[in-house]
Amino acid sequence: MKIINKIEDLKNEIKNLKSTKPGTIGLVPTMGALHKGHLSLIEKCRQENKIAIVSVFVNPTQFGPNEDYDKYPRTLEDDAQLCENAGIDIVFAPSPRDIYDEYYFKHKETTLICPPYEVVNKLCGKARPGHFDGVCTIVGKLFNITKANKAYFGQKDAQQLFIIQKMVRELNFDIEIVPCPIVRETDGLALSSRNTYLDEKARKSALSISRALFKAKELRTKGVIETQTLIDTALAYINMGGNMETEYAEIVSVDTFEKIDIIEENKKALMLIAAKVNVEDSNSGNCYQVRLIDNIEL
Ligand code: AMP
């Protein structure tokens with residue numbers, strides 16, 4: 001397995017591999033700090049393609065000024081080991097300067113892929129203005145650089161997956177997007193690189209997010225179709241977690257990502273939650289918040 005930083009080196013290595021192993025190229029875009037959630041995407045990519053590439057890049061254009069870009073966990077050595085064990089061919093781990101040109105660092109601006117306002121100005125995009133422009137831009141760049149045939153994305157980031165599928169359709173990217181199910185801890189907590197910020201107490205509180213989703217699903221299975229009832233129940237569960245601040249709890253149509261009041265028979269709906277968990281730093285005594293997201297199909 002090769003670890004590559006530069007775009008040109010990546011293109012050359014892909015060319016080399018293609019000459020010895022003709023077939024499809026699979027790509028798993030990640031920000032690193034890899035866990036079993038990422039690994040499920042990586043393994044699927046390995047199984048389904050001749051050449052399997054994992055990118056590890058904490059993308060500055062998708063973080064807001066007061067977000068955790070600097071603090072985001074960076075564990076490239078461990079990530080590369082996991083990828084090697086999974087039989088990946090290339091880990092592409094560029095620095096921001098390998099990806100964005102001088103103009104970006106001087107003016108803090110670059111050419112962006114901007115999905116329509118209606119799809120980004122809600123759920124995660126509402127609290128994170130510009131986030132999905134940054135995501136689509138880096139993902140589009142990675143598609144163009146690798147010329148991958150298939151790219152693997154987790155349903156954990158459901159709005160991201162929806163927006164990327166839309167981008168691929170509307171900008172005619174010649175790539176298949178493969179959605180992968182959410183991987184959870186045995187107690188239900190969705191795996192996330194940001195879980196590393198949680199201490200034991202905060203982790204217990206965070207568990208209320210998946211509990212809220214499971215409860216809503218249970219009620220739906222019992223026949224509740226009014227989304228407000230399901231949302232109110234979920235909110236009550238999150239509040240029970242203590243130390244939590246809900247950013248949003250919404251139910252949308254899987255097909256359109258638009259809010260719905262009633263879940264119609266045979267129509268798929270998705271409940272999405274974002275919540276912040278308060279964590280106390282044991283060294284400084286200072287408090288900080290960790291933002292977590294999760295969702296479930298109802
Ligand atoms: P990230 O490194 O957080 O940008 O995630 C990279 C990819 O892994 C995205 O497509 C995520 O949706 C996916 N992913 C992250 N956590 C999970 C999880 N618990 N289950 C499934 N996919 C995940």
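Counting starts at 1 for both ligands and their atoms, in listed order.
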Note: heavy atom closest to atom 5 (O) of ligand 1, options E185, M31, H38, belongs to H38
Checklist line | No-hydrogen, no-angle side-chain donor-acceptor test under 3.5 Å, E67 and Y72 | finding: no
In this structure, CG of L82 is separated from NE2 of H38 (nearest 0.5 Å) by 10.5 Å
shortest atom 20 (N) of ligand 1-to-protein heavy-atom contact is with V183 N, 2.8 Å
The ring pair (Phe, Tyr, Trp, His ring centres under 6.0 Å) partners of Y103 (sequence neighbours excluded) come to H107
Checking heavy-atom distances from atom 12 (O) of ligand 1 to each of D157, L41, I138, the winner is D157
In short, A158 meets L272 closest at the heavy-atom pair CB-CD2, 3.9 Å
**Message:** Classify the ring geometry of F143 against F173: parallel below 30°, tilted from 30° to 60°, perpendicular beyond 60°.
**Reply:** perpendicular
Query raised in the report: Quick one: do the T229 and D232 side chains pair a donor with an acceptor below 3.5 Å?
Result: no
Indicate yes or no: does an N/O atom of I182 lie under 3.5 Å from an N/O atom of ligand 1?
no
Would F153 count as a polar contact of ligand 1, with the cut-off being nitrogen or oxygen pairs under 3.5 Å?
no
(message) Show, in sequence, the C-alpha distance, side-chain angles and deciding distance for R291 and D68, and conclude whether the salt bridge (Lys or Arg N to Asp or Glu O under 4.0 Å) test is met.
(response) CA-CA 10 Å; R291 183 179 180 281; D68 58 345; over 6 Å; no
In ligand 1, the atoms that come under 4.0 Å of a heavy atom of L191 are 16 (N), 17 (C), 18 (C), 19 (N)
At a 4.0 Å cut-off, with the gap strictly under it, does some heavy atom of Q155 reach an atom of ligand 1?
-> no
One finds that the ligand 1 atoms under 4.0 Å from a non-hydrogen atom of G154 are 9 (C), 10 (O), 11 (C), 12 (O), 13 (C), 22 (N)
Atom 23 (C) of ligand 1: closest protein heavy atom, distance to 0.1 Å, is K156 CB, 4.0 Å
Honestly, for P181 the part within reach of ligand 1 (heavy atoms, under 4.0 Å) is backbone
Atom 15 (C) of ligand 1: closest protein heavy atom, distance to 0.1 Å, is H35 CE1, 3.9 Å
Note: S193, heavy atoms under 4.0 Å from ligand 1, region reported as neither
Note: K36, heavy atoms under 4.0 Å from ligand 1, region reported as neither
- request: Using the six-membered ring of Y248, assess whether NZ or CZ of K122 lies under 6.0 Å from its centre and within 45 degrees of the ring axis.
  value: no
Per-atom filter on ligand 1: closer than 4.0 angstrom to a heavy atom of P29 are 6 (C), 7 (C)
field: Between N59 and T61: side-chain donor-acceptor atoms closer than 3.5 Å
entry: yes
